Amino acid sequence: MEAAKIMNIIDKLDDLPYRRILFDGTWGIGKTKYTRDSIKDKENYYYVSLFGKRNIDAFYQELYYLLLSKHKVKFKKLLNNMENINLSLFGVNISVPLISDIFIDIQKQLESKSNITIIIDDLERTNDDFDIKEIFGFIDSITKNKGIKIILVASSDNFSNQEKITFEGCAEKSIDRIYKITTYSKDAPEKIMGNQIWPIVKEIYQDNEFKNLRTLEKADLFIKEVIHEIPNNEFTDKFNKEDIYKICFSVVLFVVDHKCKMNHPGEEEEENNDANNSKELSNYIWHSIIKKNLNNSMMHNLIPVILGWFLTGDFSRAQVKELVKQVDAYLESTLPLFMSEEQIIKEVDHFSTFIENLDSDISIKNFLQRLDELASITEKTNLDFNYSVDEAVDWMKKNKDFNNNYDDIYFDNFVRRESSFINEVILKLQTTIKSDYRNNLLKVMIENTNKQNFTPNDLDIVTEFKKLIHELKNDNSKERENVIREMKNNKWFLPLPLGEITHFHWTYCHKLFKCIQEIDYGREESITEDASKYFNQEIDNYPDEIFKHRLRHLIKQYLDVA
């Protein structure tokens with residue numbers, strides 16, 4: 001049964017033969033929403049949630065306060081006849097013994113009524129100490145008065161095994177009719193998201209399984225939060241609100257309903273929700289949930305930002321502004337798929353000119369996208385694409401600075417493209433830039449060997465070198481051996497801690513010894529013995545006793561030499 005039909009049942013409750021009914025359905029399906037909506041303008045309906053209540057007394061207390069508030073006029077005369085009683089506008093201030101007397105009087109009043117309905121929600125959300133048998137005892141007792149009806153709202157699937165046994169046993173005796181709520185109302189998503197947002201996200205909703213309405217409510221709130229934080233004057237035809245709606249909607253679905261699990265066709269679900277996989281998760285959202293369906297494809301660069309925003313509640317305003325700038329600067333040209341054969345041939349023939357005239361500020365992703373469009377269509381149609389991988393790589397190396405910010409993840413984040421040509425470009429670029437970066441890093445490490453005045457920037461350099469060592473430590477490749485050879489030929493890259501030194505210099509030495517220790521891992525021939533031998537020779541070469549002490553300390557701590 002649809003959740004919306006709850007309203008129909010409550011509306012015709014007086015015509016039904018049942019006085020004790022239960023709405024049972026999974027969380028988030030709309031049971032509470034439609035129950036509460038249906039009683040908004042109705043008299044003599046009393047709603048109590050058991051969420052977190054520890055015992056039956058807490059339930060009684062809330063119910064009695066509700067009865068008092070609705071019958072305040074009736075009881076004002078009673079209270080005015082009592083001394084030392086303060087009846088405020090919003091509540092009743094009375095002593096505990098007096099409460100008991102008034103509760104009894106209220107019950108007497110209710111016994112004479114013929115149209116009272118008490119709704120008890122969240123039966124499965126009570127505190128562990130709450131015995132739900134007491135609720136059913138209350139139901140059996142109170143409904144002896146034929147003028148009182150009871151509506152229970154619960155999700156029986158969320159009871160513990162023992163609670164479920166108790167619930168089913170009591171419900172069989174105390175409930176006249178159970179309505180199973182299996183789906184939420186068909187129009188509920190549209191009502192929650194609103195007329196402005198729903199038409200934009202409807203396709204994503206239809207393509208994906210949404211488990212409950214709360215996901216939609218969270219999505220609606222998050223979209224409003226993001227739109228509120230971005231100044232309205234930043235939105236343009238390119239950087240548009242519609243794509244923001246889609247990205248936010250998809251992110252909430254992925255986090256809340258999918259639990260950050262990437263479900264690739266033919267593969268088991270894999271959980272990848274740590275920070276190191278944020279780009280991988282973002283690519284999954286882009287391809288599998290949004291399905292690359294944005295008004296401006298460049299907007300997909302916001303996915304990792306918005307994903308982090310939803311997961312942590314934090315975002316970088318500067319980062320968003322930079323992405324806005326990139327999106328607005330991107331010029332989308334006609335897709336090759338829509339060109340004539342003559343146009344494609346002309347475009348390919350003039351691609352060298354296209355590259356030469358490109359603004360160097362164009363992002364690599366934009367460049368690769370245009371290159372991929374042309375290469376893909378020529379590969380599929382057997383047209384000639386007279387352009388080489390080396391030419392594309394040379395242009396990017398010439399116009400982009402990779403030396404100071406190289407990271408494998410940077411290239412891994414390039415979505416693998418459709419054409420084999422562009423994938424060769426990405427691989428060649430990654431290989432050459434990695435090699436250039438590592439060669440430059442080794443050069444700086446050699447220069448630092450003769451340095452004495454160190455700064456925090458130098459510590460960053462040796463940290464980068466340690467990261468390189470970590471990448472190579474399980475690799476018996478030629479590159480690993482080349483690094484070891486460079487270290488041996490250049491004093492193991494250690495700036496000797498002679499004379500007066502700084503804290504930064506001493507920290508640098510420790511980090512360097514850790515690098516030696518790590519690069520030795522897994523090799524058949526240990527290098528720590530060679531390093532230890534070299535450093536002991538250095539100890540013999542200098543009379544400085546403090547220097548000797550420092551170096552012996554490092555050898556003993558990291559090279560396992562007694």
Side-chain angles (χ1 to χ4, degrees), residues 274 276 403-409 431 433-562:
D274 59 77
N276 292 330
N403 289 331
N404 297 322
N405 295 297
Y406 176 77
D407 192 327
D408 270 332
I409 296 176
T431 302
I433 294 302
K434 179 187 289 187
S435 178
D436 291 348
Y437 176 78
R438 289 179 175 178
N439 289 337
N440 183 65
L441 182 60
L442 291 177
K443 180 181 177 182
V444 174
M445 291 298 296
I446 293 171
E447 292 172 353
N448 283 354
T449 302
N450 298 314
K451 195 170 184 176
Q452 287 296 314
N453 297 317
F454 287 84
T455 67
N457 290 336
D458 296 310
L459 298 184
D460 291 339
I461 293 296
V462 76
T463 297
E464 285 295 311
F465 181 63
K466 189 173 185 296
K467 185 166 68 173
L468 168 61
I469 296 299
H470 181 75
E471 293 172 359
L472 298 176
K473 73 175 184 178
N474 293 317
D475 185 1
N476 293 317
S477 67
K478 181 179 178 181
E479 186 170 3
R480 182 188 189 191
E481 296 306 314
N482 286 341
V483 171
I484 293 174
R485 184 174 61 253
E486 287 293 326
M487 294 180 75
K488 285 183 177 181
N489 293 338
N490 292 280
K491 306 177 184 178
W492 293 96
F493 291 170
L494 180 71
L496 295 177
L498 280 162
E500 183 181 0
I501 63 173
T502 64
H503 171 74
F504 294 127
H505 189 163
W506 185 235
T507 301
Y508 190 100
C509 292
H510 275 274
K511 286 179 173 286
L512 194 280
F513 267 78
K514 288 179 181 178
C515 292
I516 298 172
Q517 190 181 53
E518 187 154 347
I519 201 171
D520 187 58
Y521 177 83
R523 292 183 80 249
E524 293 182 2
E525 298 180 8
S526 174
I527 65 170
T528 54
E529 186 176 344
D530 292 342
S532 177
K533 182 178 178 181
Y534 169 79
F535 292 129
N536 276 297
Q537 288 176 347
E538 290 295 292
I539 288 173
D540 294 337
N541 289 336
Y542 294 91
D544 189 327
E545 293 297 329
I546 296 297
F547 165 73
K548 295 175 185 288
H549 171 73
R550 291 169 184 159
L551 211 47
R552 289 191 185 110
H553 172 81
L554 293 168
I555 294 169
K556 183 176 181 179
Q557 182 171 350
Y558 296 103
L559 304 184
D560 293 326
V561 176

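Note that the structure is a prediction, hence the values are computed from the model and not measured.
- A tilted orientation is assigned to the rings of Trp492 and Phe535, their planes being inclined by 30° to 60°.
- A salt bridge links Lys467 with Glu464: at least one charged nitrogen is closer than 4.0 Å to a carboxylate oxygen.
- Looking at residues two or more places apart in sequence or on another chain, you find a side-chain contact (heavy atoms from CB on, under 4.5 Å) between His510 and Trp506, His553, Leu554, Gln557, Tyr558.
- Each of Asn536, Asp530, Thr528 was scored for a side chain to side chain donor-acceptor pair (under 3.5 Å) with Ser532, with one residue passing: Asn536.
- Two residues are said to be in side-chain contact when any heavy atoms from C-beta on lie closer than 4.5 Å; Pro495 and Asn448 fail this criterion.
- Side-chain N or O atoms of Lys511 include none that pairs as donor or acceptor with a backbone N or O of Thr463 at under 3.5 Å.
- Val462 and Leu512 make their closest contact through CG2-N, 4.2 Å (heavy atoms, listed as atom of the first residue, atom of the second, distance).
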*asked:* Determine whether Leu459 and Phe454 satisfy the following criterion, side chain to side chain contact (heavy atoms under 4.5 Å, CB included), listing intermediate values before the conclusion.
replied: CA-CA 8 Å; Leu459 298 184; Phe454 287 84; 5.8 Å; no
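- Residues that satisfy the side-chain contact (heavy atoms from CB on, under 4.5 Å) test with Thr431, not counting sequence neighbours, are Leu427.
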*Step by step, would you call Leu496 with Lys491 a side chain to side chain contact (heavy atoms under 4.5 Å, CB included)?*
CA-CA 9 Å; Leu496 295 177; Lys491 306 177 184 178; 6.0 Å; no
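- Judged by distance alone, the side chain of Arg480 and the main-chain N or O of Ile519 form a donor-acceptor pair under 3.5 Å.
- The salt bridge (charged side-chain N to carboxylate O under 4.0 Å, His left out) check on Lys451 picks up Asp458, with sequence neighbours excluded.
- Residue Lys548 qualifies as enclosed at atom NZ: its count of foreign heavy atoms under 6.0 Å is above 12.
- Asn457 meets the side-chain contact (heavy atoms from CB on, under 4.5 Å) test with Thr455, Asp460; sequence neighbours excluded.
- The NZ atom of Lys488 lies 13.5 Å from the OH atom of Tyr534; values are rounded to the nearest 0.5 Å.
- In this structure, the separation between CZ on Arg485 and CD1 on Ile527 is 13.0 Å, given to the nearest 0.5 Å.
- Using a distance-only test at 3.5 Å, with no hydrogens or angles considered, a donor-acceptor pair links the side chain of Asn439 to the main chain of Ser435.
- With rounding to the nearest 0.5 angstrom, the CD1 atom of Ile555 is 8.0 Å from the CZ atom of Arg552.
- Partners of Ile446 by side-chain contact (heavy atoms from CB on, under 4.5 Å), not counting sequence neighbours, listed by chain and number: Glu486, Asn490, Phe493.
- Partners of Lys466 under the salt bridge (charged side-chain N to carboxylate O under 4.0 Å, His left out) rule, at least two apart in sequence or in another chain, are Glu518.
- Expressed to the nearest 0.5 Å, how far OG1 of Thr507 lies from CZ of Phe504 amounts to 7.5 Å.
- Residue Met487 is tested with Thr449, Asn482, Ile516, Leu494 for a side-chain contact (heavy atoms from CB on, under 4.5 Å); the sole match is Ile516.
- Taken to the nearest 0.5 Å, the CG atom of Leu468 stands 6.0 Å off from the CG atom of Leu441.
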